[in-house]
Amino acid sequence: MITNNVSLKSLHSFAIDVSARRLYVVDTEAELFAIWRHASTNSSPRIVLGGGSNVLFLENYSGTVLLNRIAGMTIEEDTDYWYLHVGAGEVWHDLVNACLEKNMPGLENLALIPGYVGSAPIQDIGAYGVEFQQFCEYVDVLQMETGTKHRMSVAECQFGYRDSIFKHNLREHYVIVAVGFRLIKAWSPILHYGDLVHLDAQQATPRQIYDIVCAMRRAKFPDPTHQGNAGSFFKNPIIDASAAEKLLNHYPDAPYYPQPGGEVKLAAGWLIDRCGLKGYRIGGAAVHDKQALVLVNFDQATGEDIAALARYVRMQVAERFAVWLEPEVRFISSYGEVDAVRVIA
Ligand SMILES: Cc1cc2nc3c(=O)[nH]c(=O)nc-3n(C[C@H](O)[C@H](O)[C@H](O)COP(=O)(O)OP(=O)(O)OC[C@H]3O[C@@H](n4cnc5c(N)ncnc54)[C@H](O)[C@@H]3O)c2cc1C
């Protein structure tokens, strides 16, 4: 399906009123490749989107948007694992539901994360002590210059905290078309975070975890269908041990999470909240009044409003804590993705 000069408002979770020159919904790899090639020969910018839940459009997009809807799921198993091959165009939460319904637990801590399966590897989605990479067996990508398909191993994907190779070297040339999962049959619950800590590890069921995770998320995040947002706007900053020691001497109540290499991860939401920024507004953009890590489209915000607010928040946090926040959200200009840190520096 093709549409010309189309509004993107309902196709990204910030719901900013921007448009794209062309929009295609693609259901097959062949279609994806053909449309990408056509846009390339016309020197038109092009971008693949899943659910648009991790992007900020700064202005109208002058090129072609391809909505990846390549569907399908196959399941195989051996004595120890289930192996799933899932199309990039499947909805992430539907996959979590389908796995639970088929008694294949593992993904329940990642319930209700918006977006599509093909986007999950890009920032190695994570929540409540679990990350996508723990279940990833491979990622299938289409090389967009040649149309050839490659299967990338977990090591090749270079997963890190809200990071992977797909955010860097491969960004311009590869599109994810399918993901392989490996779910262990000897399931054990992950109960380190939030209300999950109250469950008994011997008794907890995947369904209980799923229900609690869904309840926590509904309480924590504003629903994008009511108030546009992209979830956590900033990454939790990771700082070196000596900077962390200094900060924690001043603010002993600051939440912190020691990292394997000796560095320390801080809670970006706590830092923003401590600057007294909940509810702070610039234009139509606001810091959410209950969840400081979430910037919202409060009232017909433009992309520039959100970026200006992000800039202000970043500066306030830096002045108070000497910590520079980095956006988790991807910034899209008229011609394509731009460096989010540069935009708000
Ligand atoms: C309310 C809310 C809560 C959230 N909670 C979490 C959370 O707990 N944990 C978490 O990790 N994230 C969270 N997010 C962020 C978001 O849900 C994830 O990053 C998700 O994986 C994005 O999926 P998407 O399909 O919407 O991606 P999109 O926003 O459509 O795309 C994101 C980026 O990936 C690129 N892309 C998309 N599909 C492909 C493809 N097939 N191949 C190559 N590139 C592609 C796009 O060009 C874009 O740069 C939350 C977002 C919201 C709105």
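Each ligand, and each atom within it, is numbered from 1 in the order the structure gives. Just so we're clear, the structure is a prediction, and the values are computed from it rather than from any experiment.
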| message | Is there a polar contact, in the sense of an N or O pair closer than 3.5 Å, between R217 and ligand 1? | response | yes
| message | Among all protein heavy atoms in this structure, tell me which lies nearest to atom 45 (C) of ligand 1, with the distance rounded to 0.1 Å. | response | I122 CD1, 3.2 Å
| When you measure from atom 42 (N) of ligand 1 to each heavy atom in N68, I176, L66, which option holds the nearest one? | I176
| query | Given L23, which of T64, L11, L66, N5 fulfils the side chain to side chain contact (heavy atoms under 4.5 Å, CB included) condition? | reply | L11
| For atom 22 (C) of ligand 1, what's the nearest protein heavy atom and its distance? | S53 OG, 3.3 Å
| field | Over 12 foreign heavy atoms within 6.0 Å of OH, Y83 | value | yes
| Nearest neighbour in protein (non-hydrogen) for atom 12 (N) of ligand 1 | Q123 NE2, 3.1 Å
| Looking only at heavy atoms of R162, does any of them come nearer than 4.0 Å to an atom of ligand 1? | yes
| Which part of V177 is near ligand 1, with near meaning a heavy atom under 4.0 Å away: side chain, backbone, both or neither? | neither
| message | Are the side chains of I212 and Y128 in contact, using a 4.5 Å heavy-atom criterion? | response | no
| query | If hydrogens are left out, which of G231, G336, S232 has an atom nearest to atom 53 (C) of ligand 1, that is, the closest non-hydrogen atom? | reply | G231
| ligand 1 to S13 polar contact by distance, N or O atoms, under 3.5 Å | no
| request: Looking only at distances, please establish whether an N/O atom of ligand 1 is found under 3.5 Å from an N/O atom of G51. | output: yes
| Region of V175 that comes within reach of ligand 1 [heavy atoms, distance under 4.0 Å] | both
| field | Which residue and heavy atom of the protein sit nearest atom 23 (O) of ligand 1, plus the separation | value | S119 CB, 3.2 Å
| Under 3.5 Å, N or O to N or O, is G52 touching ligand 1 that way? | yes
| Closest approach of any protein heavy atom to atom 13 (C) of ligand 1, naming residue and atom | I113 CG2, 3.9 Å
| task | Ignoring hydrogens and angles, tell me if any N or O in the side chain of H12 forms a donor-acceptor pair with the backbone of G52 under 3.5 Å. | result | no
| request: Answer yes or no: does an N/O atom from G50 fall short of 3.5 Å to an N/O atom of ligand 1? | output: yes
| query | Counting both backbone and side chain atoms, is some N or O of A230 under 3.5 Å from an N or O of ligand 1? | reply | no
| task | Say whether Y116, considering both its backbone and side-chain N or O atoms, lies within less than 3.5 Å of an N or O atom on ligand 1. | result | yes
| Can you find an N/O atom of V48 closer than 3.5 Å to an N/O atom of ligand 1? | yes
